[in-house]
Amino acid sequence: MAIEQTFSIIKPDGVRRNLVGKILSRFEENDLRIVATKMIHMSKSEAEGFYAVHHERPFFGELTEFMSSGPVVVSILEGENAVVHHREIMGATNPADADEGTIRRDFAESLGENTVHGSDSLENAAIESSYFFSQTECINSAA
């Protein structure tokens, strides 16, 4: 397997409920290394830019309103097969469908407020990471 990087967000509901440490520790306990992380508060326009791919979807307004409703923690995670592995740790988008022991099953309150976001491909991980992080903010774990 290849060492990859993926992008992760702890959403406003996770930050509000003080779950940041618990969620980040899940990643580390499952062999994902945090190579960049910070807390930010997205404006509505920043959330709209980040989720522009969903612009035509009926949930776009609700999603961007929620994502700009409070602070989030954005991170770049690194590890073997990181994109798929991260998504396994997060669990299914709908917490009712998520496997036992996944972040969404354990912490999400609803489909709309499902606590975490994760990139769905290496290409999107690179795009999403560059939306929030400059090259100088990322630690090269091989260094």
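Please read all numbers here as calculations on a predicted model, not as lab measurements.
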- Run the numbers on His86 and Ser8 for side-chain hydrogen bond (donor to acceptor under 3.5 Å, both in side chains), then give the verdict. CA-CA 8 Å; His86 179 242; Ser8 179; 3.1 Å; yes
- Message: Go through it in stages, so that I can follow the logic: the residues are Glu4 and Glu80, the test is side chain to side chain contact (heavy atoms under 4.5 Å, CB included), and I'd like the CA-CA distance, side-chain angles, deciding distance and then a yes or no.
- Response: CA-CA 6 Å; Glu4 301 173 345; Glu80 287 189 19; over 6 Å; no
- Here the pair of heavy atoms bringing Ala82 nearest to Leu77 is CB-O, 4.3 Å
- Task: Quick one: closest heavy-atom pair of Phe132 and Lys38, and the distance?
- Result: O-NZ, 2.6 Å
- Which heavy atom of Thr37 sits nearest a heavy atom of Ser75, and at what distance? OG1-OG, 2.7 Å
- Would you call Arg16-Glu109 a salt bridge at under 4.0 Å N-O? yes
- Query: Can you tell me if Ser119 and Asn124 form a side-chain donor-acceptor pair at under 3.5 Å?
  - Reply: no
- Note on the structure: One should read off an interatomic distance between Ile76 CD1 and Gln5 CD, to the nearest 0.5 angstrom, of 6.0 Å
- Item | Transitive ILVMFWY side-chain link Ile103 to Val15, under 4.5 Å | yes
- Query: Any sub-3.5 Å donor-acceptor pair from Asp13's side-chain atoms to Thr115's backbone N or O?
  - Reply: yes
- When you measure from the side chain of Arg87 to the backbone N and O of Gly118, does any donor-acceptor pair fall under 3.5 Å? yes
Report all side-chain donor-acceptor pairs from residues 65-73 shorter than 3.5 Å, counting only partners two or more places apart or in another chain.
{"residue": "Ser68", "atom": "OG", "partner": "Thr64", "partner atom": "O", "Å": "2.8"}
{"residue": "Ser68", "atom": "OG", "partner": "Glu65", "partner atom": "O", "Å": "3.2"}
{"residue": "Ser69", "atom": "OG", "partner": "Phe66", "partner atom": "O", "Å": "2.6"}

- Query: Is there a donor-acceptor pair under 3.5 Å between the side chain of Glu28 and the backbone N or O of Ser25?
  - Reply: no
- When the ring planes of Phe7 and Phe50 are compared, do they come out parallel, tilted or perpendicular, using 30° and 60° as the limits? tilted
- What about Ile9 and Leu24, same hydrophobic cluster or not, with Ile/Leu/Val/Met/Phe/Trp/Tyr joined at side-chain heavy-atom distances under 4.5 Å? no
- Query: Which value, rounded to the nearest 0.5 Å, describes the distance between Thr6 atom OG1 and Glu128 atom CD?
  - Reply: 7.5 Å
- Message: Hydrophobic cluster membership, with links at side-chain heavy-atom distances under 4.5 Å among I/L/V/M/F/W/Y: are Met90 and Ile23 in one?
- Response: yes
- Item | Nearest non-hydrogen partners of Arg26 and Gly101, listed with the distance | NH1-O, 3.1 Å
- Do Tyr131 and Leu63 share a hydrophobic cluster (ILVMFWY, side-chain heavy atoms under 4.5 Å, transitive)? yes
- Mark yes or no for whether Glu137, through its side chain, and Ser134, through its backbone, hold a donor-acceptor pair below 3.5 Å. yes
- With sequence neighbours excluded, residues passing side-chain hydrogen bond (donor to acceptor under 3.5 Å, both in side chains) with His85: none
- Task: Test ring-ring contact (aromatic ring centres under 6.0 Å, His included) on His55 and Phe60 and set out the steps.
- Result: CA-CA 6 Å; His55 188 275; Phe60 180 75; 5.0 Å; yes
- Query: Taking C-beta and beyond as the side chain, do Arg33 and Phe27 meet within less than 4.5 Å on heavy atoms?
  - Reply: no
- Before giving the answer on side chain to side chain contact (heavy atoms under 4.5 Å, CB included), spell out for Ile40 and Val74 the whole-Å C-alpha distance, their side-chain angles and the decisive distance to 0.1 Å. CA-CA 7 Å; Ile40 62 168; Val74 294; 4.1 Å; yes
- Note on the structure: Distance col, row Met42:CE vs Glu48:CD, nearest 0.5 angstrom, shows 11.5 Å
- Backbone N/O of Ile127 and side chain of Ser130: donor-acceptor pair under 3.5 Å: yes
- Query: Who are the salt bridge (charged side-chain N to carboxylate O under 4.0 Å, His left out) partners of Glu100, not counting sequence neighbours?
  - Reply: Arg105
- Start with the C-alpha gap between Leu111 and Thr93, add the side-chain angles, then the distance that decides, and say whether side chain to side chain contact (heavy atoms under 4.5 Å, CB included) holds. CA-CA 7 Å; Leu111 175 61; Thr93 302; 3.8 Å; yes
- Query: With a 4.5 Å heavy-atom cut-off, do His117 and Lys11 have their side chains touching?
  - Reply: yes
- Is Leu32 reachable from Val84 through a run of I, L, V, M, F, W or Y residues, each pair having side-chain heavy atoms under 4.5 Å apart? no
- Message: Let's go through Asp106 and Lys22 carefully: what are the C-alpha distance in whole Å and the side-chain angles of both, what is the deciding distance for salt bridge (Lys or Arg N to Asp or Glu O under 4.0 Å) to 0.1 Å, and is it a yes or a no?
- Response: CA-CA 11 Å; Asp106 292 347; Lys22 289 178 183 177; over 6 Å; no
